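Before any comments, here is the structure.
The structure displayed is predicted, hence computed values, not measured ones. The sequence lines fix the lettering, A, B, ..., with proteins before strands; numbering per chain opens at 1.
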Number of protein chains: 2
Amino acid sequence: MQVDRAKKRILLIEPSLMVSKGFASLLDDAIGYQFVATSSNVSRIQELIVSNRPDIVVFNPSIMSFQHRTSIRSFMNIPSEMALVALVYTFVDEWIMAQFDAVLTVNDDQTQIVNKLNGIKVTANSSDKAENEELSDRENEILGCVVKGMTNKEIAEKHFISIHTVITHRKNIVRKTGIKSVSGLTVYALLNNLITYEDIE
Amino acid sequence: MQVDRAKKRILLIEPSLMVSKGFASLLDDAIGYQFVATSSNVSRIQELIVSNRPDIVVFNPSIMSFQHRTSIRSFMNIPSEMALVALVYTFVDEWIMAQFDAVLTVNDDQTQIVNKLNGIKVTANSSDKAENEELSDRENEILGCVVKGMTNKEIAEKHFISIHTVITHRKNIVRKTGIKSVSGLTVYALLNNLITYEDIE
DNA sequence: AGTACCATCCCCACAAATGAGGATTATGAT
DNA sequence: ATCATAATCCTCATTTGTGGGGATGGTACT
């Protein structure tokens, strides 16, 4: 793999080998970009950044959960001169999108990918503006139960607390997320990896 | 692309070019299988089946919606001697899984894919046993509203029917699907492409 | 010491959903 | 013609959830 400094160097962190290979194959013929490394493992990201010095880190956010809404860039310790780009299979929520300089999907064709990568502003500084109120651990726990279809009474009994406490937690969850409906909360929980499809029904 | 009758011939119907390329690349080195064609378009499936005569049709079920639970094999008119295999990005519901002779995911590596393909029974006859009660059009409509977080009253007003009717529809939905909770119904609706993430919240 | 937040608990009034009955009309298939 | 089903409407009783107030003790940071 030869180093060509005219081309932007791309590092991909993606759990699926199939998608990695497809991504590499699409990038192969693309002008101006060069695929330098891939890993399915978040823990190797530091090592790969140091050894490959990519210009762009493409990262599948489903690989980790973001209950605690710290900045992805700072959490993964990605230098600010490198662009941070998401690669997703389906829809992700706004907060996650806002963390990235661009969002690619597996359904993008080569042109779309190149256009999105070209559109990255070089002054890439994730603003950390996302000052959303975080849910507390207890609130996340209660939310998990709510979206699994448990009633307040059941949740109370499971956690050995009063039903009033459960209701209070739910009020705070609704206030913080701004989401009133159970279906909306279900989607929130799915998108934030608080639960998986299998947990429900 | 040479014809090698010792190898099982695979036709892929997959909307994502990235995934198609990755799949082809993984199959390339696999022993006993040969990638013969791909398309992102369901409507071309007939044409491709006739011209390529694959042994295995790999199909991403997200490409179409299955409100009406007819057999996928018969709906797409796939000859019974061809194996029908799903390729999915995430979890899909049991009914859809049951329609296929095998279910691959994008996270599978080459070994897993080959193992799953090897595991296909040659007497592949989708049993059509899935005799689940279908939801009627009206019920699907009401379900869509429910998982968007609308109250019975709102649904009634939207459809110019009595709230009692809405409640009756919901009772029938619960009876037919066996799913009591709104979160479970939300997942059902997502998995059956009755709604998308964007519809909610 | 003050502030902020968390987790816990309570009250009240009202809205909404559930569960178990029942009913009518219309349509389409055997 | 009979049967099944969809779609509509209804009652009654009960359970759950919502929205608006509170309150207390604890922890953690400044």
Under a 3.5 Å distance rule, please check whether [X] uses its side chain to pair with a backbone N or O of [Y] as donor and acceptor.
| X | Y | answer |
| --- | --- | --- |
| A/Thr186 | A/Val147 | no |
| B/Lys180 | B/Val174 | no |
| B/Arg138 | B/His169 | no |

- Query: So, are A/Glu14 and A/Lys21 salt-bridged, with charged N and O less than 4.0 Å apart?
  - Reply: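 Looking at A/Lys21 together with A/Glu14, the answer is no, because their closest N to O distance does not fall below 4.0 Å.
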- Message: Taking salt bridge (charged side-chain N to carboxylate O under 4.0 Å, His left out) as the criterion, tell me which of A/Asp108, A/Asp109, A/Asp101 meets it with A/Lys116.
- Response: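 Of all the options given, the one that passes is A/Asp108.
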To the nearest Å, give me how far apart [atom1] ([X]) and [atom2] ([N]) are.
| X | N | atom1 | atom2 | answer |
| --- | --- | --- | --- | --- |
| B/Lys180 | C/dT18 | NZ | P | 10 Å |
| A/Ile179 | D/dT18 | CD1 | P | 14 Å |
| A/Glu141 | C/dA7 | CD | P | 9 Å |
| B/Glu139 | D/dT5 | CD | P | 12 Å |
| A/Asn140 | C/dA7 | CG | C1' | 14 Å |
| A/Arg175 | D/dG20 | CZ | P | 12 Å |

- Query: So which nucleotide from C/dA7, C/dC6, D/dG17 ends up closest to the side chain of A/Thr151?
  - Reply: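 The nucleotide sitting nearest to the side chain is D/dG17.
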- Message: I'd like to check A/Leu104 versus A/Val85 (side-chain heavy atoms, cut-off strictly below 4.5 Å). Are they in contact?
- Response: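 The answer is yes; the side chains approach within 4.5 Å.
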- Query: Of all of residues 152-174 of chain B, which get a heavy atom below 4.0 angstrom from DNA chain D, listed by number?
  - Reply: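 B/Ile161, B/Ser162, B/His164, B/Thr165, B/Thr168, B/His169 - these, ordered by number, are the residues of the stretch whose heavy atoms sit under 4.0 Å from the strand.
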